[in-house]
Amino acid sequence: MAQQTLTLERFISLNQPAFPGGASVLTGLLSQIGLVGKYLAHDLRRAALLDMLGTTGTTNVQGETVKKLDEIANETFVRLLQQNGQVCALASEEMEQPIILPRSGAQGAYMVLFDPLDGSSNTDVNMPLGSIFSIVMKQRPDEVLSESDLVRKGTEQVAAGYLLFGASTMLVFTTGQGVHGFTLDPESGDYLLSHKAITIPARGKVYAANEGNYHKWPGGTQKYFDYLKVKDKATGRPYSGRYSGCLVADVHRILLGGGIYLYPGELDKPEGKLRLLYEANPLAWVVERAGGRASTGTMRILDVEAKQLHQRVPLIIGSMDDVLEAETFIQGRRM
Ligand code: AHG
Ligand code: MN
Ligand code: MN
């Protein structure tokens, strides 16, 4: 069985993806994020042995209980990305305010927004976890940065992707030219190209959602879930339910095999649960560049006007035909 041998760094240098500032800057940023992945994979493997499970006893800006591994992941991202001279600002799901790094002049044009540990309800039960990152560029070279510089539309991202901590550790990213997946080789410590130019099937047979929220959903959304469960061979229904509690893991399954993930708006929480800047936007760009679609149910995620750093947004993401179909129900165009 032939072993993959193309490293992340070599892939970028050979493919010279269009990246403002050049391939070497992209390599630096993604290698640093890859290093975060190595540290976190190491920590996750031993967490149960080193009293790293459970909660910190605090709640974050989201009003959510913070797990010890959320904090460890956040600290790892901050510590390592601060060392990258090209990064001038960091924003995290786990930090109310962004960190603005002192960079002079042309140094430090990149701002990284991240969900350091996605799927936190899985930390203590050895289930899949992920990290999500979104990279945008500062617009005003020499001005002092503030939070508003990080609050940008999804179409302004220059790179985005995720780490997936599953049976293997993967780094998946896009800079707008294709979506590529790299698997960490534990022996060599390299991320090797394992999934080149990922394309998502136009339609799948899997849906991922927390159906415990069914009673909270508007009628159109409920009707879509009812529709998915009707037996109809011609349209591949009923779909199979596959929900892991980790957005990254569920979207990764759908990216490779097709289908749809939904965290819809609710009657008393129309904005839904997931965060726009460091969950929905980066995954929306990855899925779109693989040929899929990502919407709030009524509009394209990447076109949503971001207003504040921890803004929430409903997320319907996956295969083009599945998301389009879900939108017809959610928008009441189909009963
Ligand atoms: P996070 O752990 O970063 O807060 O993200 C959790 C998200 C997402 O990963 C997952 O699909 C969803 O929340 C699970 O929410 P429910 O527990 O409400 O289903
Ligand atoms: Mn998350
Ligand atoms: Mn998180």
Side-chain angles (χ1 to χ4, degrees), residues 33 36-37 40 43-44 47 52-56 58-78 90-96 112-134 160-166 172 206-217 221 225 241-255 259-284 286-287 294 301 309-318:
I33 290 168
V36 172
L40 293 186
D43 290 344
L44 292 173
M52 292 159 75
L53 300 181
T55 63
T56 60
T58 60
T59 51
N60 62 14
V61 63
Q62 324 285 343
E64 293 165 346
T65 305
V66 178
K67 295 292 191 62
K68 288 178 188 170
L69 285 166
D70 282 320
E71 209 159 69
I72 291 165
N74 189 60
E75 284 160 7
T76 307
F77 265 93
V78 170
L90 296 169
S92 164
E93 175 193 17
E94 300 303 334
M95 302 188 300
E96 185 160 7
V112 185
L113 300 93
F114 53 91
D115 174 0
L117 197 67
D118 175 66
S120 303
S121 65
N122 288 349
T123 54
D124 299 2
V125 291
N126 196 20
M127 290 287 285
L129 288 157
S131 305
I132 310 169
F133 63 90
S134 170
Y162 55 85
L163 293 161
L164 173 57
F165 306 103
V172 176
V206 157
Y207 73 97
N210 179 348
E211 290 194 83
N213 295 327
Y214 181 91
H215 64 291
K216 300 178 190 172
W217 294 332
T221 306
F225 281 87
R242 292 284 186 277
Y243 190 65
S244 75
C246 172
L247 169 65
V248 167
D250 293 334
V251 168
H252 185 71
R253 172 203 293 280
I254 287 164
L255 186 69
I260 185 168
Y261 171 103
L262 305 97
Y263 211 103
E266 298 169 2
L267 292 167
D268 61 354
K269 233 171 72 180
E271 73 282 4
K273 169 183 184 180
L274 301 177
R275 280 61 48 144
L276 174 62
L277 295 184
Y278 41 79
E279 289 178 309
N281 273 345
L283 295 181
V286 165
V287 167
I301 288 285
L309 198 58
H310 301 291
Q311 175 174 338
R312 294 175 191 269
V313 71
L315 180 62
I316 322 294
I317 186 170

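Indexing begins at 1, ligand by ligand and atom by atom, following the structure's order. Side chains are part of it too, since the values below use all heavy atoms of this structure and drop only hydrogens, waters and symmetry mates.
On a distance-only criterion, Arg275 and ligand 1 share at least one N/O pair closer than 3.5 Å. By the 3.5 Å distance cut-off applied to N or O atoms, Leu117 is counted among the residues near ligand 1. At least one N or O atom of Tyr243 sits closer than 3.5 Å to an N or O atom of ligand 1.
Shortest contact from atom 13 (O) of ligand 1 to any protein heavy atom: Lys273 NZ, 3.0 Å. Scanning the protein heavy atoms around atom 5 (O) of ligand 1, the nearest turns out to be Asp118 OD1, 3.1 Å. In terms of protein heavy-atom proximity, atom 10 (C) of ligand 1 is closest to Gly245 O, 3.4 Å.
Nearest N/O/S atom of Glu93 relative to the Mn ion (ligand 3): this is OE1. Checked against the Mn ion (ligand 2), the N, O or S atom of Glu279 at the shortest distance is OE2.
Note that CG of Asp115 is 11.5 Å distant from OG of Ser134, once rounded to the nearest 0.5 Å. We find the CG-OH distance between Asp250 and Tyr243 to be 6.5 Å, quoted to the nearest 0.5 Å. Annotation: the span from Ile72 atom CD1 to Asp43 atom CG amounts to 6.0 Å, rounded to 0.5 Å.
Close approach to Gly119 involves these atoms of ligand 1, each under 4.0 Å from a residue heavy atom: 1 (P), 2 (O), 3 (O), 5 (O), 6 (C), 9 (O). Atoms of ligand 1 found under 4.0 Å from any heavy atom of Leu247, numbered from 1 in the order shown, are 8 (C), 9 (O), 10 (C), 11 (O). Close approach of ligand 1 to Glu93 (heavy-atom distance below 4.0 Å) involves ligand atoms 1 (P), 3 (O), 4 (O). Residue Ser120 has at least one heavy-atom neighbour below 4.0 Å for each of these atoms of ligand 1: 2 (O). Here is the list of ligand 1 atoms found below 4.0 Å of a heavy atom in Glu64: 4 (O).
Under 4.0 Å from ligand 1, not a single heavy atom of Gln62 appears. Heavy atoms of Asp115 found under 4.0 angstrom from ligand 1 belong exclusively to the side chain. Only the backbone of Cys246 comes within 4.0 Å of ligand 1, judged by heavy-atom distances. At a heavy-atom distance under 4.0 Å, only side-chain atoms of Asn210, from C-beta outward, approach ligand 1.
Taking 4.5 Å as the limit, some side-chain heavy atom of Leu164 sits within range of a side-chain heavy atom of His252. Counting only heavy atoms from C-beta outward, the side chains of Leu40 and Phe77 approach each other to under 4.5 Å. Side-chain contact between Phe114 and Leu163 is absent, with no heavy atoms from C-beta onward closer than 4.5 Å. At a threshold of 4.5 Å between non-hydrogen side-chain atoms, the residues Val61 and Met95 do not count as touching. Leu129 has its side chain within reach of Thr123: a pair of non-hydrogen atoms, C-beta onward, lies under 4.5 Å apart.
For atom 18 (O) of ligand 1, the candidate residues are Tyr263, Tyr278, Tyr261; the nearest heavy-atom contact is made by Tyr263.
The closest approach between any non-hydrogen atom of Leu274 and ligand 1 is below 4.0 Å. The closest approach between any non-hydrogen atom of Glu279 and ligand 1 is below 4.0 Å.
Geometry about the Mn ion (ligand 2) gives an angle of 100° between OD1 of Asp118 and OD2 of Asp115, rounded in steps of 10 degrees.
Coordination check, Glu94 versus the Mn ion (ligand 3): failed, since every N/O/S atom of the residue sits at 2.8 Å or beyond. None of the N, O or S atoms belonging to Ala73 lies under 2.8 Å away from the Mn ion (ligand 3).
Of the possible polar contacts, none joining the Arg312 side chain to the Glu271 backbone as a donor-acceptor pair under 3.5 Å is found.
Heavy-atom contacts from other residues, nucleotides or ligands closer than 6.0 Å to CD of Glu96 number 12 or fewer. More than 12 heavy atoms of other residues, nucleotides or ligands lie within 6.0 Å of CG in Asn210, so this atom counts as buried by the packing criterion.
Glu94 has no carboxylate O lying under 4.0 Å from a charged side-chain N of Lys68, or vice versa, which leaves the two without a salt bridge.
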Quiz item: What do the steps show when you test Asp70 against Lys67 for side chain to side chain contact (heavy atoms under 4.5 Å, CB included), and what is the final call?
Solution: CA-CA 5 Å; Asp70 282 320; Lys67 295 292 191 62; 3.4 Å; yes
Exercise. Decide side chain to side chain contact (heavy atoms under 4.5 Å, CB included) for Leu247 and Glu279; before the verdict, give the C-alpha distance in whole Å, the side-chain angles of both, and the deciding distance to 0.1 Å.
Key: CA-CA 8 Å; Leu247 169 65; Glu279 289 178 309; 4.1 Å; yes
